[in-house]
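To keep things clear, I will list the structure first and then write my remarks on it.
Quick note: residue numbers are just sequence positions, from 1.
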Amino acid sequence: MMTIPEKNTWWTYHGQGLDSFGVNGLPVEVDMPQPGPHEVLARVDAFTLCASDVKMIVMGNDYPLFKGRDFNQFPAVTGHELSLTVVKPGSEMKQDWPPGKRFGVQPDVYLNGERFCIGVNVNGGMAEYILLGKEVFFSDQGSCAFPVADDISYAAVAQTEPLACVEAAFVQHSRTQMKPDGQTLIYVSPEIKQRFVLDMEMRTPHITVVDPGRRFADSISGLLLEQAEKILRDIPDTLFDDIIVLGNPVSEIMTQLSEKMAVNAVFCWLTSGDPQRDIDMDVAKVHYNKVNLIGSSSGRLSTAFNKDKYRYDYKPGGTLIISGGGGTMGRIHLLRALKSKQSPQKIIITNNSRGRLDAMEADFREIVAAAKKDVFYISLIETPDHNAKIHALIGDVGASDIIICAPGVEPLNAVVDFLCDDGTIVLFSGTRYGQFGKVPFGLVAGAQASITASSGSSVADQLRVLEKIESGEIDPDFNVAAIGGLMSTKAGLEGVKAGTYTGKVVIYPQLKHLPLMPLHELKKWDAELGEFIERSAWSLQAEQLLSDKYHEKYSDKNSELGLTP
């Protein structure tokens, strides 16, 4: 029988950057919540710190899901990468979620179409305990909580969410068909010199044609003119679910059209001849809004929508560039590429800091050698001719795959010119809305390139990660760079912001006062634990050794709960 304390401790965020994280720099104590019939009270065994946590804390109301929030009245409890154990289920949850059951959770859930994001608009897990509601267990997608085996470390379970985000980046989650009853825009370029075949059923009466050159009737087959709801000369100020461009408008028009993409939009470009390669687009809209950029030079709409035209994983034996890859997510991407059954032969990681790359190179040396791949680490700051060096490595063939792994548009603009005509580019890292980067949409439409972007993941992605953990294809414990207790959360976030750690910071809330310690310095603090880590890396056994030795010292005196039930 588990003893549940009367109080819960959690970190609150008050909307003005890291200085407003906590109250006077400390977490606060609140009454322990009690679960309702369809709720579950869970112990937070571990949470990992995410660059997104830092991003939302730094951005405050500029973060999309914090927009308009009154933090004085409604402070946030962040934390979404969680490893949990049931301590008290609600009356209707006892059969499926009994006390002692370990589980992970997908933090981005929808109930009746309303978004509930753990760690943003729902209390997150930077706490000793968390109360999970009906939206988690009975979401529109089913249960967003999933049981995990007892032989997986707490650190690994917490990392299923960021690892799933990486897996999701290689899956096209957006629509692959036109939206029934959606808003469709067809833009007809004035300079088109061919006929286009719109040979797919338009299952909506809401079709707007923008035809500044009055070429629509002469240039289209497969769509009757009278199907159009409106025929305009200028682009209207509204959002569209499907945008179809015919011909090659000037780049400014393409950028303007990209601003009209609704969430989950499909933007299809049917070109005439050679289109402009790069289009300036708001990268955040592509990354966060789950849009699908497709196209074809064949003049047929069905060809552009043919999913076999696109590739969303590495080209076997090709060349991969991970731009801005010196941080934790870059390490995860590198490990995935090295372990993949269709891995690239040559991998180039770029980063501003040389130090992070040196640490990465040392950590991966044995894995790279075992994989028999060629991996190169290039510091953009310390290599003035870095473009020439990258070109020398990839040659005129170009990179078959590019992953943008750091926020902002600079990591994209720095490498997009290296993408080959049939390459794949993954816009993995988000940025602020309103920042326009060079998106190689012309290669999608005029050649065989693919563009994918993702924000977050799904339960299916996390379950796929668990399968890969069990098969040995993924080792999340390899990513652990530092550990600490709940009280060291803010220091950990400051370290993540400063780029201090090359891997994940894992917080163990039940060892509340455990100091923040990098793993490579663990031996100085505890020789036995440090030597254990040197022999076998971080693991469930290491967590158990840590708990056995330090639970009594670093947990609250009035708590009978350690890291294990």
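- Checked against a 6.0 Å centroid threshold, the rings of F71 and Y13 count as neighbours.
- A donor-acceptor contact shorter than 3.5 Å links the side chain of K504 to the backbone of L49.
- Side-chain contact, D477 with S539: no donor N or O sits under 3.5 Å from an acceptor N or O.
- Looking at E29 and N8, their side chains never bring a donor and an acceptor atom within 3.5 Å of each other.
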I'd like to know whether V122 forms a side-chain contact (heavy atoms from CB on, under 4.5 Å) with E135, so could you lay out the CA-CA distance, the side-chain angles of the two residues, the decisive distance to 0.1 Å, and finally the verdict.
CA-CA 10 Å; V122 174; E135 66 274 4; 4.1 Å; yes
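- Remark: side-chain polar atoms of N292 are paired, donor with acceptor, to backbone N or O of R175 under 3.5 angstrom.
- Using a 4.5 Å heavy-atom threshold, the side chains of S83 and F47 count as separate.
- No side-chain heavy atom of V291 sits under 4.5 Å from any side-chain heavy atom of V266.
- Ionic pairing of E167 and K468 is present here: one or more N-O contacts between side-chain nitrogen and carboxylate oxygen are shorter than 4.0 angstrom.
- Of the charged side-chain nitrogens involved, at least one lies within less than 4.0 Å of a carboxylate oxygen, so that D363 and R331 count as a salt-bridged pair.
- Not a single donor-acceptor pair under 3.5 Å links the side chain of E361 to the backbone N or O of Y377.
- Remark: side-chain polar atoms of Q345 are paired, donor with acceptor, to backbone N or O of K372 under 3.5 angstrom.
- Side-chain atoms of T424 and K315 form no donor-acceptor pair, as typed in the model, at a separation below 3.5 Å.
- Close placement of the F364 and F478 rings is indicated, their centers lying within 6.0 Å of each other.
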Could you walk me through whether Y288 and Y433 pass the ring-ring contact (aromatic ring centres under 6.0 Å, His included) test, one step at a time?
CA-CA 9 Å; Y288 290 114; Y433 283 100; 5.7 Å; yes
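- Here the CG-CG distance, from L545 to L540, works out to 11.5 Å after rounding to the nearest 0.5 Å.
- In this structure, E81 contributes its side chain and E161 its backbone to no donor-acceptor pair below 3.5 Å.
- For K55 (side chain) and R432 (main-chain N/O), no donor-acceptor pair under 3.5 Å exists by modelled atom type.
- A donor-acceptor pair shorter than 3.5 Å cannot be found between the side chains of Q141 and S458.
- With hydrogens and angles left out, the side-chain atoms of T48 and Q159 include no donor and acceptor closer than 3.5 Å.
- By the 4.5 Å heavy-atom criterion applied to side chains, F66 and M56 are counted as neighbours.
- A ring-centre distance under 6.0 Å is found for F137 and W97.
- Centroid-to-centroid, the aromatic rings of F170 and Y314 come within less than 6.0 Å.
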Might you work through the side-chain contact (heavy atoms from CB on, under 4.5 Å) test for V157 and R102, ending with a clear yes or no?
CA-CA 9 Å; V157 175; R102 291 186 57 197; 3.5 Å; yes
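- The distance between the ring centers of W538 and Y154 does not fall below 6.0 angstrom.
- Of the possible donor and acceptor atoms, one in the side chain of D140 sits under 3.5 Å from a partner among the backbone N and O of N112.
- Between D401 and R311, at least one side-chain nitrogen of the basic residue sits less than 4.0 Å from a carboxylate oxygen of the acidic one, meeting the salt-bridge criterion.
- Under the 4.5 Å side-chain criterion, counting only non-hydrogen atoms from C-beta, K179 is not in contact with N264.
- Here the straight-line distance linking atom OG1 of T160 with atom CG of D461 works out to 10.5 Å at 0.5 Å rounding.
- No more than 12 heavy atoms of other residues, nucleotides or ligands lie within 6.0 Å of NZ in K134, so this atom counts as exposed by the packing criterion.
- Between V166 and V465 there is no side-chain heavy-atom pair separated by less than 4.5 Å.
- The side-chain heavy atoms of S139 and F116, taken from C-beta on, include no pair separated by under 4.5 Å.
- Without hydrogens or angle criteria, E6 side chain to D31 main chain gives no donor-acceptor distance under 3.5 Å.
- Of the possible polar contacts, none joining the K7 side chain to the M32 backbone as a donor-acceptor pair under 3.5 Å is found.
- Side chains of H80 and T78: no donor on one and acceptor on the other come within 3.5 Å.
- Formation of a donor-acceptor pair under 3.5 Å by the E467 side chain with backbone atoms of R464 is not found in this model.
- Proximity of I367 to L335: side-chain heavy atoms (C-beta onward) are separated by under 4.5 Å at one or more points.
- In this structure, a donor-acceptor pair under 3.5 Å is present between the side chains of S343 and K373.
- Side-chain contact check for L84 versus R43: every heavy-atom pair is 4.5 Å or farther apart.
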